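Just below is one structure, and these are the notes that go with it.
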Amino acid sequence: MAGMNAGLGLSPYSATKFAVVSLSEGLAIQLRPLGIGVSVLCPSFVRTRIGESRRNCPEQYGPTRQLDPASPMAAVVAEIARRLEAGLDPASVAGQVLAAIRDDQFYIFTHPGMRAEVEQRFSAILAAMDAVSA
(Lines give C-alpha, C1' and ligand atoms only; values in the text may rest on other atoms or scores of the structure.)
Protein backbone atom coordinates (compact mmCIF):
# COMPACT_ATOMS: atom_id res chain seq x y z
CA MET A 1 0.00 0.00 0.00
CA ALA A 2 3.03 2.27 0.22
CA GLY A 3 2.64 2.75 -3.54
CA MET A 4 -0.85 4.13 -3.03
CA ASN A 5 -0.42 6.20 0.10
CA ALA A 6 2.71 7.63 1.69
CA GLY A 7 1.15 7.72 5.16
CA LEU A 8 3.83 5.79 7.03
CA GLY A 9 6.25 8.69 6.94
CA LEU A 10 8.96 6.70 5.17
CA SER A 11 9.12 8.81 2.01
CA PRO A 12 12.08 7.13 0.26
CA TYR A 13 10.46 3.70 0.76
CA SER A 14 7.10 4.96 -0.48
CA ALA A 15 8.74 6.61 -3.50
CA THR A 16 10.10 3.26 -4.65
CA LYS A 17 6.67 1.67 -4.25
CA PHE A 18 4.95 4.51 -6.15
CA ALA A 19 7.51 3.89 -8.92
CA VAL A 20 6.64 0.19 -9.07
CA VAL A 21 2.92 1.00 -9.38
CA SER A 22 3.58 3.55 -12.15
CA LEU A 23 5.91 1.18 -14.00
CA SER A 24 3.31 -1.58 -13.76
CA GLU A 25 0.54 0.72 -15.02
CA GLY A 26 2.67 1.67 -18.03
CA LEU A 27 3.64 -1.93 -18.78
CA ALA A 28 0.02 -3.04 -18.56
CA ILE A 29 -0.95 -0.56 -21.27
CA GLN A 30 2.05 -1.41 -23.47
CA LEU A 31 1.79 -5.19 -23.15
CA ARG A 32 -1.99 -5.62 -23.37
CA PRO A 33 -1.96 -5.56 -27.22
CA LEU A 34 0.53 -8.43 -27.12
CA GLY A 35 -1.77 -10.52 -24.92
CA ILE A 36 0.48 -10.14 -21.89
CA GLY A 37 -1.17 -9.30 -18.60
CA VAL A 38 0.39 -7.32 -15.79
CA SER A 39 -0.67 -7.27 -12.16
CA VAL A 40 0.61 -5.15 -9.29
CA LEU A 41 0.42 -6.39 -5.71
CA CYS A 42 -0.44 -3.68 -3.18
CA PRO A 43 -0.56 -5.44 0.18
CA SER A 44 -0.60 -3.95 3.60
CA PHE A 45 1.26 -5.80 6.33
CA VAL A 46 2.22 -9.42 5.63
CA ARG A 47 4.24 -11.66 7.96
CA THR A 48 7.25 -11.89 5.62
CA ARG A 49 10.04 -11.30 8.16
CA ILE A 50 11.11 -8.25 6.16
CA GLY A 51 12.04 -6.58 9.44
CA GLU A 52 14.68 -9.28 9.87
CA SER A 53 16.13 -8.88 6.37
CA ARG A 54 19.51 -7.98 7.79
CA ARG A 55 19.88 -11.71 8.53
CA ASN A 56 20.66 -12.18 4.81
CA CYS A 57 23.41 -9.57 4.67
CA PRO A 58 26.98 -10.92 4.40
CA GLU A 59 29.18 -10.25 7.44
CA GLN A 60 31.65 -8.31 5.28
CA TYR A 61 29.22 -5.38 5.36
CA GLY A 62 29.55 -5.04 9.10
CA PRO A 63 27.21 -5.30 12.05
CA THR A 64 23.69 -3.95 12.14
CA ARG A 65 23.49 -0.44 13.52
CA GLN A 66 21.35 -0.30 16.62
CA LEU A 67 18.75 2.42 16.96
CA ASP A 68 18.61 4.51 20.09
CA PRO A 69 15.56 3.01 21.85
CA ALA A 70 14.41 6.52 22.81
CA SER A 71 14.54 7.83 19.23
CA PRO A 72 11.45 8.54 17.14
CA MET A 73 12.70 6.10 14.48
CA ALA A 74 12.89 3.30 17.04
CA ALA A 75 9.21 3.91 17.80
CA VAL A 76 8.36 3.78 14.08
CA VAL A 77 10.34 0.55 13.62
CA ALA A 78 8.63 -1.00 16.66
CA GLU A 79 5.19 -0.08 15.33
CA ILE A 80 5.97 -1.53 11.91
CA ALA A 81 7.23 -4.72 13.57
CA ARG A 82 4.01 -4.96 15.56
CA ARG A 83 1.90 -4.52 12.42
CA LEU A 84 3.97 -7.06 10.51
CA GLU A 85 3.54 -9.63 13.26
CA ALA A 86 -0.24 -9.09 13.12
CA GLY A 87 -0.23 -9.13 9.31
CA LEU A 88 -1.58 -11.63 6.86
CA ASP A 89 -0.06 -15.04 6.35
CA PRO A 90 2.16 -15.02 3.22
CA ALA A 91 0.49 -18.19 1.90
CA SER A 92 -2.89 -16.46 2.02
CA VAL A 93 -1.52 -13.51 0.05
CA ALA A 94 0.05 -15.90 -2.47
CA GLY A 95 -3.38 -17.49 -3.01
CA GLN A 96 -4.92 -14.07 -3.59
CA VAL A 97 -2.19 -13.18 -6.07
CA LEU A 98 -2.58 -16.41 -8.04
CA ALA A 99 -6.36 -15.97 -8.25
CA ALA A 100 -6.01 -12.34 -9.34
CA ILE A 101 -3.49 -13.17 -12.05
CA ARG A 102 -5.75 -15.95 -13.35
CA ASP A 103 -8.65 -13.46 -13.41
CA ASP A 104 -6.46 -10.89 -15.24
CA GLN A 105 -6.84 -8.32 -12.47
CA PHE A 106 -4.39 -5.46 -12.54
CA TYR A 107 -4.51 -4.14 -8.96
CA ILE A 108 -4.25 -6.77 -6.24
CA PHE A 109 -5.28 -5.43 -2.84
CA THR A 110 -5.14 -7.75 0.15
CA HIS A 111 -6.55 -5.63 2.97
CA PRO A 112 -10.04 -4.10 2.55
CA GLY A 113 -9.45 -1.75 5.49
CA MET A 114 -6.95 0.27 3.45
CA ARG A 115 -9.67 1.80 1.25
CA ALA A 116 -10.16 4.78 3.57
CA GLU A 117 -6.51 5.76 3.24
CA VAL A 118 -6.59 5.86 -0.55
CA GLU A 119 -10.02 7.52 -0.62
CA GLN A 120 -8.63 10.45 1.36
CA ARG A 121 -5.71 10.83 -1.06
CA PHE A 122 -7.84 10.40 -4.18
CA SER A 123 -10.44 12.87 -2.87
CA ALA A 124 -7.71 15.49 -2.36
CA ILE A 125 -6.42 14.89 -5.91
CA LEU A 126 -9.92 15.15 -7.42
CA ALA A 127 -10.67 18.30 -5.39
CA ALA A 128 -7.47 19.92 -6.72
CA MET A 129 -8.47 18.98 -10.28
CA ASP A 130 -11.99 20.34 -9.73
CA ALA A 131 -10.48 23.63 -8.49
CA VAL A 132 -8.59 24.01 -11.76
CA SER A 133 -11.76 23.33 -13.77
CA ALA A 134 -13.80 25.89 -11.87
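Predicted, not measured: the structure shown is a model, and the values here were computed from it. Residues: numbered from 1 along the sequence shown.
In terms of hydrophobic clustering, with Ile, Leu, Val, Met, Phe, Trp and Tyr side chains grouped at heavy-atom distances under 4.5 Å, Leu34 and Leu27 are assigned to a common cluster. Connection of Ile29 to Val21 is not established within any shared hydrophobic cluster, with ILVMFWY side chains joined at heavy-atom distances below 4.5 Å, either directly or through further cluster members.
With values rounded to the nearest 0.5 angstrom, Met114 atom CE is found 12.0 Å from Glu119 atom CD. A distance of 14.5 Å separates NZ of Lys17 from OG of Ser22, quoted to the nearest 0.5 Å. Once rounded to the nearest 0.5 Å, the distance linking CG of Leu23 with CZ of Phe18 reads 15.0 Å. Taking CD of Glu85 as the start and CZ of Phe45 as the end, the distance is 13.0 Å to the nearest 0.5 Å. Note: Asp103 CG to Leu98 CG = 9.5 Å, rounded to the nearest 0.5 Å. Cys42 contributes atom SG, which lies 11.5 Å from atom CG of Asn5 (distance to the nearest 0.5 angstrom).
Judged as a side-chain contact (heavy atoms from CB on, under 4.5 Å), and not counting sequence neighbours, Ala94 has no contacts. Partners of Pro58 by side-chain contact (heavy atoms from CB on, under 4.5 Å), not counting sequence neighbours, listed by chain and number: Gln60, Tyr61.
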Quick one: do Gln120 and Ile125 satisfy side-chain contact (heavy atoms from CB on, under 4.5 Å)? Show the steps, please. CA-CA 9 Å; Gln120 183 179 5; Ile125 291 168; over 6 Å; no
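A heavy-atom distance below 4.5 Å is found between the side chains of Phe106 and Ser24.
Other members of the cluster containing Val93 are Leu41, Val46, Leu88, Val97, Ile101, Ile108, with ILVMFWY side chains joined at under 4.5 Å, either directly or via other members. Chaining together hydrophobic side chains whose heavy atoms lie under 4.5 Å apart leaves Val132 on its own.
More than 12 heavy atoms of other residues, nucleotides or ligands shown are found within 6.0 angstrom of CD on Glu25.
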Per-pair distances, 0.1 Å, donor-acceptor, side chain in residues 70-81, under 3.5 Å, sequence neighbours excluded:
unit_1	atom_1	unit_2	atom_2	d
Ser71	OG	Asp68	O	2.8
Ser71	OG	Ala74	N	3.1
Glu79	OE1	Arg82	NE	3.1
Glu79	OE2	Arg82	NE	3.4
Glu79	OE2	Arg82	NH2	2.6
Glu79	OE2	Arg83	NE	2.8

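For residues 120-133, the set of pairs meeting the salt bridge (Lys or Arg N to Asp or Glu O under 4.0 Å) definition, not counting sequence neighbours, is empty.
Scanning both residues, Gln105 and Ser39, for their nearest heavy atoms gives O-OG, 2.6 Å.
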